[in-house]
2 protein chains.
Amino acid sequence: MHYFNSNDLDSLSKVYRLNLINSITGYKSANLIGTQSLNGITNLAIFSSVIHLGSNPALIGFVLRPTTVPRHTYSNLKATGCFTLNTVTKDYIKDAHQTSAKYPEEISEFDVTNFSIEHKRKTNAPYVKESPIQIGCNYENEYHIKENNTILIIGSIKELYISQTLLMDDGWVQLDNENIVTINGLDGYAVPKLIDRFPYARPKS
Amino acid sequence: MHYFNSNDLDSLSKVYRLNLINSITGYKSANLIGTQSLNGITNLAIFSSVIHLGSNPALIGFVLRPTTVPRHTYSNLKATGCFTLNTVTKDYIKDAHQTSAKYPEEISEFDVTNFSIEHKRKTNAPYVKESPIQIGCNYENEYHIKENNTILIIGSIKELYISQTLLMDDGWVQLDNENIVTINGLDGYAVPKLIDRFPYARPKS
């Protein structure tokens, strides 16, 4: 085993530390967050920090880095009160990664990638047509994480579109039926295969 | 596409909604959190909510459900100020899932699974010997998420042990070199294979 103590971690180069610390907590979710500005310019950005917060009510969270540089996702969702989550499949990982480039606000990532806008009934944010899971969310709240000046955004799920291929009889969603990807570190994209599902665990007698 | 509006989501059965909402945000990290009580009883519990919060300082977060039932992980990390994160590999998914059973406090999950305790230099919490990534954390803070009474725990990374097989020259960790798993929903365990890594994305000219 390679060992790093806190002094070792502090003295790493910036890029080495980014790669290392972004990887060690394990695989991350891959979601494209779609938003729209008040003057109608769409934005799409890949996030690896979306988490499940609760099922009833259905709530999600994601972490934004400090607002010291323009963050169109943040300003748009604050202005409109809504955003979409769109899952990423294997055939679109290059496009998904390209949405992390810093485009000026007047350029929509939908125009520079192979993703297509889909507008739906209940939200003022664009969906990604190519995503087999599309979630419409309302902005609920945010928490300032003072330890590193990040922001945890809380969203409530208002509608959900999901491919029939993914949806099992008990509500469980088999993500590998559509080659949904996961993120390894900052820039690695991996495709999982299901090994097993287990029943609700109880103490063994 | 199957469509659920918010009324549909509200009227689902509890189990269906748990399965559905826990799955749709995509793949989740799989970490065993190791803690120890003040009288020396070890605890080990699987968590799918561990997220990367920042690299400098190296910070992680994870979400705990309400403290209406005993939560040994929470009481132990508050009492001792520390905990460990230990990654899960393919051969141990059944044991990892078993740690989610509600054992009484006096029973250590290390005694009812195939995981072995490893004590290390700098922390008063047990590591999992079988894990190729072992992270020692200090408890830093917690945020009460009032929307559903969950708690976001913030931890700082104080030491890290990582298998040489995983660690690449630039600090990136190739998780699939040791069959590290990811979680699909509440109870599905999947093994990813890396497809590609991409360079830092810049706007295309």
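Residue numbers begin at 1 in each chain, while the letters A, B, ... track the order of the sequences.
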Point to revise | Region of Leu160(A) in contact with chain B, defined by heavy-atom distances below 4.5 Å | key: both

Practice item. Mind ranking Leu59(A), Ile24(A), Thr165(A), Thr99(A) by heavy-atom pairs under 4.5 Å with chain B and telling me who comes out on top? Key: Ile24(A)

Check your understanding: In terms of heavy-atom pairs under 4.5 Å with chain A, which of Arg17(B), Lys158(B), Gln164(B) leads?
Key -> Arg17(B)

Practice item. Let me know if Ile154(A) has heavy atoms under 4.5 Å from chain B in its side chain, its backbone, both or neither. Key: side chain

Review point. Considering only heavy atoms from C-beta outward, does the side chain of Tyr27(B) approach that of Asp176(A) to under 4.5 Å?
Key: yes

Review point. With a 4.5 angstrom heavy-atom cut-off, which part of Ile107(A) approaches chain B: side chain, backbone, both or neither?
Key: neither

Study note, to complete from the structure: Residue from Ser49(B), Ser55(B), Gly54(B), Ser6(B) scoring the most non-hydrogen pairs under 4.5 Å with chain A is Ser55(B)

Point to revise | Interface moiety of Asp169(B) toward chain A, non-hydrogen atoms closer than 4.5 Å | key: backbone

Point to revise | Ring geometry between Tyr189(A) and His97(A) (parallel below 30°, tilted from 30 to 60°, perpendicular above 60°) | key: perpendicular

Practice item. Give the member of Ser29(B), Ala101(B), Pro192(B) that has the highest number of heavy-atom pairs under 4.5 Å with chain A. Key: Pro192(B)

Revision key, fill the gap. If one checks every heavy atom of Ile60(A) against chain B at 4.5 Å, the contacting part turns out to be side chain

Check your understanding: Tyr3(A) vs Tyr161(B) aromatic rings, parallel, tilted or perpendicular, using cut-offs 30° and 60°?
Key -> tilted

Review point. Would Thr89(B) and Asp91(B) count as having a side-chain donor-acceptor pair, cut-off 3.5 Å?
Key: no

Review point. Does the side chain of Tyr92(A) pick up a donor-acceptor pair with the side chain of Gln98(A) at under 3.5 Å?
Key: no

Review point. Who among Ser23(A), Ser13(A), Ala30(A), Gly26(A) has the most heavy-atom pairs with chain B under 4.5 Å?
Key: Ser23(A)

Revision key, fill the gap. Note: vs chain B, highest number of non-hydrogen pairs under 4.5 angstrom among Leu18(A), Ile133(A), Asp196(A) is Asp196(A)

Check your understanding: If you count heavy-atom pairs under 4.5 Å with chain A, which of Leu175(B), Val63(B), Val88(B) comes out on top?
Key -> Leu175(B)

Review point. Looking at Tyr139(B) and Leu77(B), what are the two nearest heavy atoms and their distance?
Key: CD1-CD1, 3.3 Å

Study note, to complete from the structure: Ranking Val15(A), Ile93(A), Leu85(A) by heavy-atom pairs under 4.5 Å to chain B gives rank one to Ile93(A)

Check your understanding: Where does Ile157(A) contact chain B at under 4.5 Å (heavy atoms): side chain, backbone, both or neither?
Key -> both

Practice item. Under 4.5 Å heavy-atom distance to chain B, tell me which part of Val181(A) shows up: side chain, backbone, both or neither. Key: backbone

Point to revise | Beyond-backbone contact of Tyr74(B) with Thr35(B), side-chain heavy atoms, under 4.5 angstrom | key: no

Practice item. With a 4.5 angstrom heavy-atom cut-off, could you sort out which part of Thr87(B) is near chain A: side chain, backbone, both or neither? Key: neither

Review point. How far apart are the closest heavy atoms of Pro203(A) and Lys102(B), and which atoms are they?
Key: CG-O, 3.3 Å

Check your understanding: Crowded around Lys129(A) NZ? As in, over 12 foreign heavy atoms under 6.0 Å?
Key -> no

Review point. Relative to chain B, which segment of Pro132(A) carries a heavy atom at a distance below 4.5 Å: side chain, backbone, both, or neither?
Key: backbone

Point to revise | Lys94(A) portion near chain B, given a 4.5 angstrom heavy-atom threshold | key: both

Exercise for review: Could you tell me which portion of Leu9(B) (side chain, backbone, both or neither) has an atom closer than 4.5 angstrom to a non-hydrogen atom of chain A?
Suggested key: side chain

Review point. With chain B, which of Leu20(A), Val112(A), Leu152(A) has the greatest number of heavy-atom pairs at distances under 4.5 Å?
Key: Leu20(A)

Study note, to complete from the structure: Here the pair of heavy atoms bringing Ala125(B) nearest to Cys82(B) is N-SG, 4.0 Å

Check your understanding: Does the separation of the ring centres of Phe83(A) and Phe62(A) fall below 6.0 angstrom?
Key -> yes

Exercise for review: Please assess Asn86(A) against Phe115(A) for the test side chain to side chain contact (heavy atoms under 4.5 Å, CB included), listing each intermediate value before the final yes or no.
Suggested key: CA-CA 11 Å; Asn86(A) 306 271; Phe115(A) 294 121; over 6 Å; no

**Study point:** Which atoms of Ser131(A) approach chain B - backbone, side chain, both or neither, heavy atom under 4.5 Å
**Key:** backbone

Check your understanding: What part of Pro199(B) is in contact with chain A, defined as an atom under 4.5 angstrom from a non-hydrogen atom: side chain, backbone, both or neither?
Key -> backbone

Exercise for review: For Ser156(B) and Glu140(B), test the side chains for any donor-to-acceptor distance below 3.5 angstrom and give the result as yes or no.
Suggested key: yes

Check your understanding: Would you say the side-chain atoms of Thr42(B) and Ser108(B) include a donor-acceptor pair closer than 3.5 Å?
Key -> yes

**Study point:** Under 4.5 Å from any heavy atom of chain A - which part of Tyr143(B)
**Key:** side chain

Study note, to complete from the structure: So, the part of Arg202(A) with a heavy atom under 4.5 Å from chain B: the answer is backbone

Check your understanding: What residue, out of Asn19(B), Leu194(B), Leu12(B), has the most heavy-atom pairs lying under 4.5 Å from chain A?
Key -> Asn19(B)

Check your understanding: Of the listed residues (Val50(A), Asn184(A), Ile51(A)), which shares the most heavy-atom pairs with chain B below a 4.5 Å separation?
Key -> Asn184(A)

Check your understanding: Can you tell which of Thr182(B), Leu166(B), Asn56(B), Asn5(B) has the highest number of heavy-atom pairs within less than 4.5 Å of chain A?
Key -> Asn56(B)

Practice item. Return yes if a side-chain donor-acceptor contact under 3.5 Å exists between Asn141(A) and Glu147(B), otherwise no. Key: yes

**Study point:** Interchain contact, Lys14(B) with chain A, by part (heavy-atom threshold 4.5 Å)
**Key:** neither

Review point. Taking side chain as C-beta onward, heavy atoms only, is Val128(B) less than 4.5 Å from Phe110(B)?
Key: yes

Revision key, fill the gap. Closest heavy-atom pair, Pro126(B) versus Ile117(B), reported as atoms and distance to 0.1 Å, is CB-CG2, 3.9 Å

Check your understanding: What part of Val191(A) lies closer than 4.5 angstrom to a heavy atom of chain B: side chain, backbone, both or neither?
Key -> both

Exercise for review: Check whether Asn31(A) gets within reach of chain B through its side chain, its backbone, both or neither, counting any heavy atom under 4.5 Å.
Suggested key: side chain

Review point. For Asp8(A), is it the side chain, the backbone, both or neither that has a heavy atom under 4.5 Å from a heavy atom of chain B?
Key: neither

Revision key, fill the gap. Under 4.5 Å to a heavy atom of chain B? For Leu167(A) that would be side chain

Point to revise | Atom pair CG/CD1 of Leu64(A) and Ile145(A) - distance to nearest 0.5 Å | key: 11.0 Å

